Amino acid sequence: MTASRDLPPCTTPFYPNIYVKSQLCTKAQSPPKDTTLIHKVAIVTGANTGLGLESSRQLLSYNLPHLIIAVRSVAKGEAAAATLRKEYPMATIEVWQLDMSSYDSIRAFVRRTESQLSRLDIVILNAGLQNPHFGVDPSTGHEETVQVNYLSTVLLSILLLPVLKNKVPAGTPGRLSIVNSGTALFASFPHRKFSPLLPSYDDPKNFDWTEQYSASKLLGHMFMWKLADYVSADDVVVNLVDPGFTKGTQLQRGVSGVVSLFMSLAKVATARTVRDGASTYLDATVVKGKESHGCFLMDWQIRPFAAVLYTPEGKQAIERLWDETMTELKFADVQGILRSMNRA
């Protein structure tokens with residue numbers, strides 16, 4: 001099967017056409033009935049509610065014996081874990097603290113996976129942020145949405161690559177799925193004109209709340225375009241997955257007023273159930289194979305990246321973003337990690 005970056009870009013002229021087809025005309029797909037995750041270990045971030053919690057439940061339903069819920073609030077995580085433990089009393093369900101706005105927390109979390117886990121097969125990076133107001137992360141100085149959805153997610157992804165490579169049975173790749181969004185397909189990306197690129201998102205004069213979330217997901221497309229060159233699908237299969245617009249999530253919890261009302265009505269009319277949305281995560285990590293490496297998955301299928309990435313201007317922006325990201329995360333030796341993954 002052809003990888004995302006080798007597919008022709010989408011030429012549908014009007015994003016609502018894509019949205020309606022995706023939300024109302026696409027049938028959810030579940031793993032084959034004989035699927036089993038026996039002996040495997042999985043991590044799901046942001047798993048105390050919504051899609052993270054439901055995907056955790058679905059993983060356990062396929063006999064997953066060991067699940068780690070990674071959450072910012074341990075108390076909320078324990079409440080979610082208590083519910084899952086009642087449903088799956090034979091499984092080991094742990095709650096680990098992870099604050100995606102903190103580089104120190106991310107590094108501590110990864111060190112814990114290195115020291116406390118003898119095996120790790122599946123990681124679903126579900127935690128994300130949609131903030132309608134400009135805010136700066138005090139520990140990094142970056143705008144919060146880009147910090148959590150892009151920079152912190154990239155750091156966690158890269159740090160987990162050698163863990164996933166080294167803690168799976170020989171001959172079986174680890175699985176890393178990063179939650180993305182179809183909104184990346186209609187990001188206007190006005191920041192492409194800025195050089196450097198990343199600091200432009202930290203300037204409140206450039207902030208557009210209607211663009212920021214989709215832009216943070218577009219940056220994820222750009223990152224994945226390059227990451228596939230550094231990681232072999234024989235070691236870790238990495239992909240992006242769009243769960244679609246889904247009921248029962250807290251992603252829009254910061255939205256209020258007319259926008260909140262509109263989104264609530266849209267959820268009633270068009271949103272997927274949380275069960276269907278979460279099934280996209282299992283499709284990305286359990287059903288899809290090496291053919292999904294470096295790809296964007298939408299509607300349970302491999303899809304092209306955002307169209308701008310295929311243009312000369314887009315490809316220049318990809319290179320610029322990659323270099324800036326490597327510089328930003330230099331303190332964690334991310335380039336050294338990627339070089340080690342690229343060695344035969």
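Nothing here was measured: the structure is a model prediction, and the numbers come from that model.
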Quiz item: Can H142 and Y201 be said to form a ring-ring contact (aromatic ring centres under 6.0 Å, His included), step by step?
Solution: CA-CA 8 Å; H142 294 299; Y201 288 101; over 10 Å; no
Quiz item: T273 and D276: side chain to side chain contact (heavy atoms under 4.5 Å, CB included), yes or no, with the steps?
Solution: CA-CA 5 Å; T273 65; D276 287 349; 3.3 Å; yes
Practice problem: Step by step, work out the side chain to side chain contact (heavy atoms under 4.5 Å, CB included) result for L60 and I93. | Solution: CA-CA 10 Å; L60 291 165; I93 302 173; 3.8 Å; yes
Exercise. Could you walk me through whether T83 and R57 pass side chain to side chain contact (heavy atoms under 4.5 Å, CB included), step by step?
Key: CA-CA 10 Å; T83 299; R57 179 177 286 111; 4.0 Å; yes
Quiz item: Taking it one step at a time, do N206 and H191 satisfy side chain to side chain donor-acceptor pair (under 3.5 Å)?
Solution: CA-CA 8 Å; N206 299 328; H191 289 250; 4.9 Å; no
Quiz item: Checking side chain to side chain contact (heavy atoms under 4.5 Å, CB included) for the pair K165/V231: CA distance, chi angles, key distance, verdict?
Solution: CA-CA 10 Å; K165 176 181 178 179; V231 182; over 6 Å; no
Practice problem: List the steps, then state whether side chain to side chain donor-acceptor pair (under 3.5 Å) holds for S102 with D104. | Solution: CA-CA 5 Å; S102 166; D104 288 341; 5.0 Å; no
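Applying the ring pair (Phe, Tyr, Trp, His ring centres under 6.0 Å) definition to pairs two or more places apart or across chains, those involving residues 67-100 are W96-F109.
A perpendicular orientation is assigned to the rings of F207 and F134, their planes being inclined by more than 60° (bins at 30° and 60°). Ring orientation note: the planes of F245 and Y19 are tilted relative to one another, at an angle of 30° to 60°. Between F331 and Y103, the ring planes are tilted. Angles from 30° to 60° get that label.
Between the side chains of D299 and S22, at least one donor N or O lies within less than 3.5 Å of an accepting N or O. Side chain to side chain, S188 and E211 meet the donor-acceptor criterion of an N or O pair below 3.5 Å. If you check the side chains of N239 and H293, you find no donor sitting under 3.5 Å from an acceptor. With 3.5 Å as the limit, one finds a donor-acceptor pair spanning the side chains of S139 and D137. A donor atom on one side chain and an acceptor atom on the other are not found under 3.5 Å apart for T92 and H66. Using modelled atom types and a 3.5 Å distance limit, the side chains of E143 and Q147 yield no donor-acceptor pair. S105 and D99 share no donor-acceptor pair across their side chains, judged by distance under 3.5 Å alone.
I302 has its side chain within reach of E291: a pair of non-hydrogen atoms, C-beta onward, lies under 4.5 Å apart. P304 has its side chain out of reach of F296: every pair of non-hydrogen atoms, C-beta onward, lies at least 4.5 Å apart. Contact of the F189 side chain with the L218 side chain is registered, since non-hydrogen atoms from C-beta on lie closer than 4.5 Å. Put simply, the side chain of M326 reaches to within 4.5 Å of the side chain of L338, judged on heavy atoms. Side-chain contact between S177 and T285: present, with at least one pair of heavy atoms (C-beta onward) separated by less than 4.5 Å. Put simply, the side chain of R5 does not reach to within 4.5 Å of the side chain of L309, judged on heavy atoms. Proximity of V238 to S157: side-chain heavy atoms (C-beta onward) are nowhere separated by under 4.5 Å. Counting heavy atoms from C-beta outward, R107 and L159 have side chains that approach closer than 4.5 Å.
Remark: R111 does not engage E114 in a salt bridge, criterion side-chain N to carboxylate O under 4.0 Å. With respect to E313 and K193, no salt bridge is recorded, no charged nitrogen being found less than 4.0 Å from a carboxylate O. Salt bridge status for D242 with K217: absent, with no side-chain N to carboxylate O gap under 4.0 Å.
Distance check: K40 NZ to L120 CG gives 11.5 Å after rounding to the nearest 0.5 Å. To the nearest 0.5 Å, atoms CZ (F186) and CD1 (I18) are separated by 10.0 Å. In this structure, H133 NE2 and E144 CD are separated by 11.0 Å, a value rounded to the nearest 0.5 Å. Atom-to-atom distance recorded for L198:CG and L151:CG is 5.5 Å, nearest 0.5 angstrom.
E324 pairs by the salt bridge (Lys or Arg N to Asp or Glu O under 4.0 Å) definition with nothing, not counting sequence neighbours.
Checked against a 6.0 Å centroid threshold, the rings of Y310 and W225 count as neighbours.
No donor-acceptor distance shorter than 3.5 angstrom exists from the side chain of T172 to the backbone of V168, with no hydrogens or angles considered. Within the 3.5 Å criterion, the main-chain N or O of K288 finds no donor-acceptor partner in the side chain of S292. Remark: side-chain polar atoms of T26 are paired, donor with acceptor, to backbone N or O of K21 under 3.5 angstrom. When atom types are taken as modelled, the side chain of N149 and the backbone of S216 share no donor-acceptor pair closer than 3.5 angstrom. Formation of a donor-acceptor pair under 3.5 Å by the S152 side chain with backbone atoms of M100 is found in this model. Side chain of D283 to main chain of S279: no donor-acceptor pair is present (N/O by atom type, distance under 3.5 Å, no hydrogens or angles).
W300 and V179 are members of different hydrophobic clusters when ILVMFWY side chains are connected at heavy-atom separations under 4.5 Å. Criterion: ILVMFWY side-chain heavy atoms under 4.5 Å apart, direct or through other members. Under it, V286 and V237 are not part of a common hydrophobic cluster. Linking Ile, Leu, Val, Met, Phe, Trp and Tyr residues whenever their side-chain heavy atoms come within less than 4.5 Å places I68 and V236 in a single cluster. No chain of hydrophobic side-chain contacts below 4.5 Å, direct or via other Ile, Leu, Val, Met, Phe, Trp or Tyr residues, connects V287 to L51. The same ILVMFWY cluster, assembled from side-chain heavy atoms under 4.5 Å apart, contains both F223 and L176.
For P65 against H39, the heavy-atom pair with the smallest separation is CG-N, 3.5 Å. Taking every heavy atom of both residues into account, Y150 and G220 meet most closely at CD1-N, 4.0 Å. Shown here for I69 and N48, the closest heavy-atom pair between the two residues is CG2-N, 4.4 Å. The two residues S4 and G294 have their closest heavy-atom pair at CB-O, 4.5 Å. Here the closest non-hydrogen pair linking I43 and A70 is CG2-CB, 4.3 Å. Summarising the geometry of L53 relative to A80, their closest heavy-atom pair is CD1-CB, 4.0 Å, with the distance given to 0.1 Å.
Atom NZ of K167 has more than 12 heavy atoms from other residues, nucleotides or ligands within 6.0 Å. Annotation for R275: atom CZ does not count as buried by contact number, only 12 or fewer foreign heavy atoms lying within 6.0 Å.
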For residues 121-129, tabulate all N or O donor-acceptor pairs below 3.5 Å that involve a side-chain atom, not counting sequence neighbours.
{"from": "D121", "atom 1": "OD1", "to": "V41", "atom 2": "N", "distance (Å)": "2.9"}
{"from": "D121", "atom 1": "OD1", "to": "R119", "atom 2": "NE", "distance (Å)": "2.9"}
{"from": "D121", "atom 1": "OD2", "to": "R119", "atom 2": "NE", "distance (Å)": "3.1"}
{"from": "D121", "atom 1": "OD2", "to": "R119", "atom 2": "NH2", "distance (Å)": "3.1"}
{"from": "N126", "atom 1": "OD1", "to": "Y281", "atom 2": "OH", "distance (Å)": "2.8"}
{"from": "N126", "atom 1": "ND2", "to": "T45", "atom 2": "O", "distance (Å)": "3.2"}
{"from": "N126", "atom 1": "ND2", "to": "G46", "atom 2": "O", "distance (Å)": "3.0"}

